[in-house]
Amino acid sequence: MPRESVIEIWGKVKEEKQAPAGVEVEVSKLNVIVPVAAPLPFEVNRTQEMLNLKIDMILDHRPFSLRNPEIGNVFKVQAEICRSFADFMRRNDFLEVHTSKIIAQGTEGGTALFPIQYFEQKAFLAQSPQFYKQMLVGAGYERVFEIGFVYRAEDHATSRHINEYLSLDYELGFIESHQDVMSLEVEFLRYLFENIKKNCAEVLNLYKINLPEIKEIPQIPLLEAMKIVQDEFGQKPSRPDDLDPEGEKLICEYTAKKFGSDFVYITNYPATARPFYTMPDLENPGLTKSFDLLYKGLEVTTGSQRIHDYNMLVDNIKKFGMNPEPFDFYLEIFRFGMPPHGGLAIGTERLTQQILGLKNIREASFFPRDRYRLTP
RNA sequence: GGGCUCGUAGUGUAGCUUGGUUUAACACGUCGCCCUGUCACGGCGAAGAUCGCCAGUUCAAAUCUGGUCGAGCCCGCCA
């Protein structure tokens with residue numbers, strides 16, 4: 001019978017110390033329910049090291065390749081991330097929401113959006129639930145979270161970008177500053193790592209991953225981080241208002257050595273590097289109450305306190321050279337009493353990728369959509 | 001949008017620099033036979049690749065050149 005056939009076995013289970021699982025079945029009856037009808041595309045029941053498959057081969061035969069334990073078990077960890085996120089949020093009185101992925105207006109000015117035809121109107125796929133989660137905080141729910149796909153039409157081809165990714169979002173009202181948003185995330189990450197250790201022990205073992213305990217996550221203001229990268233590594237920044245990917249790797253190297261943390265918050269980004277709804281830092285003119293979370297050299301979270309004052313928000317839209325009028329649907333609730341609030345978004349695939357040390361983000365997406373791939 | 005790299009049996013690689021002993025090699029898989037208390041780790045044998053495609057250079061091209069198609073990675077941007 002060919003490998004991978006669907007079979008039914010009757011027999012006695014008996015203890016057998018030599019067997020990998022400690023037991024074996026003494027077969028008395030064997031039925032081939034569905035035999036394999038075509039040659040297999042590759043040997044699926046091997047270690048990835050032996051197979052050395054190219055990502056393209058894996059993805060071209062996606063459902064089949066998922067039978068490989070190392071390839072398929074990625075998604076047990078990913079499911080644990082989503083479950084833990086929802087669980088943690090509910091315990092902290094967040095309401096789970098689902099907002100539309102068909103939108104009329106982009107949240108970052110309208111650049112990286114997929115246009116779609118919505119009957120006689122032009123619409124876009126949402127690049128973020130940003131406006132909606134804010135509006136729902138204003139609606140009086142105060143704390144909301146969402147797990148949903150977002151779409152970015154960015155024309156890039158790297159091992160850390162896909163054009164459709166699962167975003168873990170939350171937004172909470174009545175905060176003092178972005179620090180409240182961050183400390184909640186630290187708690188979540190601790191909870192998540194405990195859960196993964198507890199519920200995905202076999203998978204971690206398969207990947208030979210030893211998840212460290214998350215203690216404190218260090219915070220470094222962006223400008224300081226850029227200076228560290230330059231002073232410690234002699235790496236000149238390629239742009240004035242953010243770390244480049246190399247800089248992100250280096251700053252993580254630095255904090256891993258100095259603080260023993262795989263995570264580091266980069267805070268207080270310049271307003272020029274952030275969307276218009278980001279709260280300015282009045283004590284540091286030109287900077288914002290914002291942060292990114294880097295994990296083992298990769299950005300996995302972006303968040304901030306948001307502007308809650310109507311006039312300030314409208315002014316800021318104008319400052320960004322945009323017309324506030326198309327944003328009316330979003331701005332309205334800000335006139336009816338919007339509490340101070342903030343939130344963040346976590347890239348699920350990136351988090352999965354970094355936890356398991358995957359080379360390519362596409363390994364952390366069942367059916368990834370990238371610059372050229374639309375199937376399977 | 002810019003840059004770099006790669007494309008050899010089902011899969012993964014070697015060969016390419018310095019063109020010709022290559023009937024293109026090796027591992028795994030596939031098929032057959034044998035052996036066997038099975039287990040990714042026994043033995044013997046077989047099939048399977050016009051070396052992505054097109055053109056050029058040459059007596060001769062997997063190997064050199066150009067084009068083309070496909071793929072991967074990096075940058076910008078971002079989760």
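Within every chain, numbering begins at 1; the chains are lettered A, B, ... in the order of the sequence lines, protein sequences first and strands thereafter.
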For [N], does either OP1 or OP2 sit under 4.0 Å from a side-chain N or O belonging to [X]?
{"X": "A/Ser159", "N": "B/rC74", "result": "yes"}
{"X": "A/Thr158", "N": "B/rC73", "result": "no"}
{"X": "A/Arg3", "N": "B/rA40", "result": "no"}
{"X": "A/Lys54", "N": "B/rU13", "result": "yes"}
{"X": "A/Arg160", "N": "B/rC75", "result": "yes"}
{"X": "A/Asn52", "N": "B/rU13", "result": "yes"}

Using the ring-ring contact (aromatic ring centres under 6.0 Å, His included) definition, which of the options A/Tyr310, A/Phe276, A/Phe334 pairs with A/Phe327?
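Among A/Tyr310, A/Phe276, A/Phe334, the one that satisfies the ring-ring contact (aromatic ring centres under 6.0 Å, His included) with A/Phe327 is A/Phe276.
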
Pairwise [atom1] distance for [N] and [M], with rounding to whole Å:
{"N": "B/rA71", "M": "B/rG32", "atom1": "C1'", "answer": "37 Å"}
{"N": "B/rA55", "M": "B/rC73", "atom1": "P", "answer": "32 Å"}
{"N": "B/rA49", "M": "B/rU22", "atom1": "C1'", "answer": "13 Å"}
{"N": "B/rA79", "M": "B/rG2", "atom1": "C1'", "answer": "23 Å"}
{"N": "B/rU18", "M": "B/rU65", "atom1": "P", "answer": "10 Å"}
{"N": "B/rG67", "M": "B/rU5", "atom1": "P", "answer": "14 Å"}
{"N": "B/rG12", "M": "B/rC51", "atom1": "C1'", "answer": "16 Å"}
{"N": "B/rA14", "M": "B/rA60", "atom1": "P", "answer": "29 Å"}

By the 4.0 Å heavy-atom rule, please label [X] as base, sugar-phosphate, or nothing.
{"X": "A/Thr348", "value": "nothing"}
{"X": "A/Thr302", "value": "sugar-phosphate"}
{"X": "A/Arg373", "value": "nothing"}
{"X": "A/Pro39", "value": "nothing"}
{"X": "A/Asp292", "value": "nothing"}
{"X": "A/Ile162", "value": "base"}

Would you say the base of B/rG76 and the side-chain of A/Glu154 have a donor-acceptor pair closer than 3.5 Å?
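In this structure, the two groups form no donor-acceptor pair.
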
For [N], what is the paired nucleotide under Watson-Crick or G-U wobble rules, both distances under 3.5 Å?
{"N": "B/rU58", "value": "none"}
{"N": "B/rU5", "value": "B/rA71"}
{"N": "B/rG48", "value": "none"}
{"N": "B/rG12", "value": "B/rC26"}
{"N": "B/rU21", "value": "none"}
{"N": "B/rC33", "value": "B/rG43"}

Which nucleotide in [options] has an atom nearest any side-chain atom of [X]:
{"X": "A/Asp56", "options": "B/rG1, B/rA71, B/rG10", "value": "B/rA71"}
{"X": "A/Pro245", "options": "B/rG12, B/rU11, B/rC75", "value": "B/rC75"}
{"X": "A/His156", "options": "B/rG76, B/rG12, B/rC78", "value": "B/rG76"}
{"X": "A/Asp244", "options": "B/rG76, B/rA79, B/rU11", "value": "B/rG76"}
{"X": "A/Ile55", "options": "B/rG72, B/rC75, B/rU11", "value": "B/rG72"}

Nearest-angstrom distance from the residue atom [atom1] of [X] to [atom2] of [N]:
{"X": "A/Arg371", "N": "B/rC77", "atom1": "CZ", "atom2": "P", "result": "18 Å"}
{"X": "A/Phe85", "N": "B/rA79", "atom1": "CZ", "atom2": "P", "result": "15 Å"}
{"X": "A/Asp155", "N": "B/rG3", "atom1": "CG", "atom2": "C1'", "result": "14 Å"}
{"X": "A/Leu59", "N": "B/rU11", "atom1": "CG", "atom2": "P", "result": "15 Å"}
{"X": "A/Lys133", "N": "B/rA79", "atom1": "NZ", "atom2": "C1'", "result": "11 Å"}
{"X": "A/Asn163", "N": "B/rC78", "atom1": "CG", "atom2": "P", "result": "15 Å"}
{"X": "A/Leu298", "N": "B/rC73", "atom1": "CG", "atom2": "P", "result": "14 Å"}
{"X": "A/Glu349", "N": "B/rC78", "atom1": "CD", "atom2": "C1'", "result": "13 Å"}

Does the ring of A/Tyr165 lie flat against the base of B/rA79, closer than 5.5 Å centre to centre with planes under 30°?
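The base of B/rA79 is stacked with A/Tyr165 (centres under 5.5 Å, planes under 30°).
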
On the six-membered ring of A/Tyr277, is A/Arg306 placed so that its NZ or CZ lies under 6.0 angstrom from the centre and within 45° of the ring axis?
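Not satisfied by the 6.0 Å and 45° rule.
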
Hey, which sits more toward the 5' end of RNA chain B by its nearest nucleotide, A/Leu40 or A/Asp241?
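This one resolves to A/Leu40.
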
Would you kindly compare A/Arg362 and A/Glu299 by the position of their nearest RNA chain B nucleotide and give the one closer to the 5′ end?
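Looking at the nearest nucleotide for each, A/Arg362 comes out on the 5' side.
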
Quick one: closest heavy-atom pair of A/Met226 and A/Asp242, and the distance?
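The answer is CE-O, 3.7 Å.
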
Would you check if the side chain of [X] reaches a backbone N or O of [Y] as a donor-acceptor pair within less than 3.5 Å?
{"X": "A/Arg62", "Y": "A/Phe367", "value": "no"}
{"X": "A/Asp370", "Y": "A/Arg373", "value": "yes"}
{"X": "A/Asn92", "Y": "A/Phe94", "value": "no"}
{"X": "A/Glu349", "Y": "A/Leu166", "value": "yes"}

Salt bridge between A/Asp93 and A/Arg143, side-chain N to carboxylate O under 4.0 Å?
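A/Arg143 and A/Asp93: not salt-bridged.
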
Could you check A/His178, A/Glu185, A/Gln219 and say which one makes a side-chain hydrogen bond (donor to acceptor under 3.5 Å, both in side chains) with A/Tyr265?
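Result for side-chain hydrogen bond (donor to acceptor under 3.5 Å, both in side chains) with A/Tyr265: A/Glu185.
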
